[in-house]
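Atoms within each ligand, like the ligands themselves, are counted from 1 in listed order.
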Amino acid sequence: MNHDQQNIMVILSSPSGVGKTTITKKIQQKYQSFKISVSHTTRLPRSNEVDGVDYNFVSKEEFKSLINKKSFYEYAKIFENYYGTSKKNVDKTLSKNDIIFDIDWQGTKQLSKFKELNFVKIFLITNSKDELKNRLIKRNQNTKTEVEKRSNSFEEDIKHWNDYDYIIINDNLDVCFKQIENIILNEKKAYSNFAQIIQ
Ligand code: ADP
Ligand code: 5GP
């Protein structure tokens with residue numbers, strides 16, 4: 001994974017339903033330089049999702065074949081489905097853009113093994129498990145069983161907060177967005193200054 005010193009790599013993780021997708025889309029809308037890493041997944045598309053935009057939706061056979069070909073920087077099994085970050089997609093984006101990875105804690109651990117790379121790692125949480133469940137229900141994109149599974153993963157997911165640089169509570173969406181925006185703009189400024197010094 002090679003990247004221009006002036007471009008930053010942000011990892012945004014959270015228990016499912018906290019608000020990662022909402023926030024990454026807001027960042028991408030406001031800042032043209034930021035691109036979202038489009039993962040591969042074996043789960044079925046939701047009614048509002050577009051293949052190639054929200055995810056690359058593939059069969060389990062296709063995903064396994066990509067694992068065998070070592071096509072992923074990282075992948076994980078989450079709620080009975082596979083999710084992975086394709087090397088090809090990331091390399092294409094990274095050469096000229098800042099990038100945001102919306103991945104779970106397992107993927108974050110795998111990417112952290114690239115010691116030569118600097119990731120800005122942000123972990124989002126809700127202020128309670130009940131609030132997470134409310135959001136999953138309100139999102140209306142998961143069955144009752146899936147909502148239970150996702151909200152029950154709250155405790156396991158938050159055990160990994162220590163792997164992250166920043167922990168943010170997504171209570172008020174505008175406040176949370178502003179906090180993340182400040183973090184990434186500061187990091188970008190620091191990278192840019194550093195790149196000028198070492199030139
Ligand atoms: P994730 O990508 O982490 O699974 P989403 O971005 O899909 O989560 O958000 C889950 C639901 O919560 C969506 O319906 C979204 O509109 C809503 N949501 C996001 N942030 C907030 C917030 N701060 N307060 C209330 N609802 C929120
Ligand atoms: P969802 O099914 O709600 O879109 O995503 C479920 C979980 O999978 C979320 O925590 C999301 O961050 C994670 N995820 C999405 N893409 C990837 C990926 O490429 N790798 C890993 N490790 N996790 C991912």
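- No salt bridge links Lys113 with Glu74; every basic N to acidic carboxylate O contact stays at or beyond 4.0 Å.
- Under the 3.5 Å distance criterion, the side-chain polar atoms of Arg135 are left unmatched by any main-chain donor or acceptor of Gly17.
- Classified by interplanar angle (parallel below 30°, tilted 30° to 60°, perpendicular above 60°), the ring pair Tyr75/Tyr82 is tilted.
- Remark: side-chain polar atoms of Asn170 are not paired, donor with acceptor, to backbone N or O of Ile125 under 3.5 angstrom.
- Between Arg150 and Asp157 there is no salt bridge, since no side-chain N of the basic residue sits under 4.0 Å from a carboxylate O of the acidic one.
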Which N/O atoms of ligand 1 sit under 3.5 Å from a protein N/O, and at what distances?
residue  : atom   : partner : partner atom : Å
ligand 1 : 2 (O)  : Thr21   : N            : 2.8
ligand 1 : 2 (O)  : Thr21   : OG1          : 2.4
ligand 1 : 3 (O)  : Gly17   : N            : 3.4
ligand 1 : 3 (O)  : Val18   : N            : 3.4
ligand 1 : 3 (O)  : Gly19   : N            : 3.0
ligand 1 : 3 (O)  : Lys20   : N            : 2.9
ligand 1 : 3 (O)  : Lys20   : NZ           : 3.1
ligand 1 : 4 (O)  : Gly17   : N            : 2.7
ligand 1 : 4 (O)  : Arg139  : NH1          : 2.9
ligand 1 : 6 (O)  : Thr21   : N            : 3.3
ligand 1 : 6 (O)  : Thr22   : N            : 2.9
ligand 1 : 6 (O)  : Thr22   : OG1          : 2.5
ligand 1 : 7 (O)  : Arg139  : NH1          : 2.9
ligand 1 : 8 (O)  : Gly19   : N            : 3.1
ligand 1 : 20 (N) : Asn170  : ND2          : 3.1
ligand 1 : 23 (N) : Asn170  : OD1          : 2.8
ligand 1 : 23 (N) : Asp171  : O            : 2.8
ligand 1 : 23 (N) : Leu173  : N            : 3.3
ligand 1 : 24 (N) : Arg135  : NH2          : 3.3

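- The shortest N/O to N/O separation between Tyr83 and ligand 2 falls below 3.5 Å.
- At a threshold of 4.5 Å between non-hydrogen side-chain atoms, the residues Asn81 and Lys60 count as touching.
- Ligand 2 places these atoms under 4.0 Å from at least one heavy atom of Ile78: 8 (O), 13 (C), 23 (N).
- For the pair Asn97 (side chain) and Lys35 (backbone), a donor-acceptor distance under 3.5 Å is absent.
- With a heavy-atom cut-off of 4.0 Å, Tyr75 does not touch ligand 2 at all.
- At least one heavy atom of Arg150 sits closer than 4.0 Å to an atom of ligand 2.
- A side-chain N or O of Thr108 and one of Ser13 form a donor-acceptor pair less than 3.5 Å apart.
- Atoms of ligand 2 lying under 4.0 Å from any heavy atom of Gly107, numbered from 1 in the order shown and given with element: 22 (N).
- Distances from ligand 2 to the non-hydrogen atoms of Gln110 include no value under 4.0 Å.
- Distances from atom 5 (O) of ligand 2 to the heavy atoms of Trp105, Phe79, Tyr55 show the closest one on Tyr55.
- Comparing Glu74, Lys77, Gln141 by heavy-atom distance to atom 20 (N) of ligand 2, the nearest is Glu74.
- Ion pairing between Lys109 and Asp163 holds under the 4.0 Å rule for side-chain N and carboxylate O.
- The closest approach between Lys20 and ligand 2 falls below 4.0 Å for a heavy atom of the residue.
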> Does the pair Phe114 and Tyr73 meet the rule for a ring-ring contact (aromatic ring centres under 6.0 Å, His included), with working shown?
Replying inline: CA-CA 10 Å; Phe114 293 94; Tyr73 277 124; 5.5 Å; yes

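- Taking every heavy atom of Ser16 and a limit of under 4.0 angstrom, the matching atoms of ligand 2 come to 3 (O).
- The distance from ligand 2 to the heavy atoms of Arg43 drops below 4.0 Å at these ligand atoms: 1 (P), 2 (O), 4 (O).
- Around atom 22 (N) of ligand 2, the closest heavy atom drawn from Asp104, Leu111, Thr108 belongs to Asp104.
- Which parts of ligand 2 touch Asp102 is read off a 4.0 Å heavy-atom cut-off, strictly below it: atoms 11 (C), 12 (O), 14 (N), 15 (C), 16 (N), 17 (C), 24 (C).
- Between Lys26 and Glu181, no side-chain nitrogen of the basic residue sits less than 4.0 Å from a carboxylate oxygen of the acidic one, so the salt-bridge criterion is not met.
- At a 4.0 Å heavy-atom cut-off, ligand 2 touches Arg46 through the side chain alone.
- In the vicinity of Ala76, heavy-atom distances shorter than 4.0 Å reach the ligand 2 atoms 22 (N).
- Each of Glu80, Glu49, Glu146 was evaluated against Arg43; a single residue qualifies, Glu49, per the side-chain hydrogen bond (donor to acceptor under 3.5 Å, both in side chains) test.
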> Could you walk me through whether Phe72 and His40 pass the ring-ring contact (aromatic ring centres under 6.0 Å, His included) check?
Replying inline: CA-CA 9 Å; Phe72 294 115; His40 281 59; 5.8 Å; yes

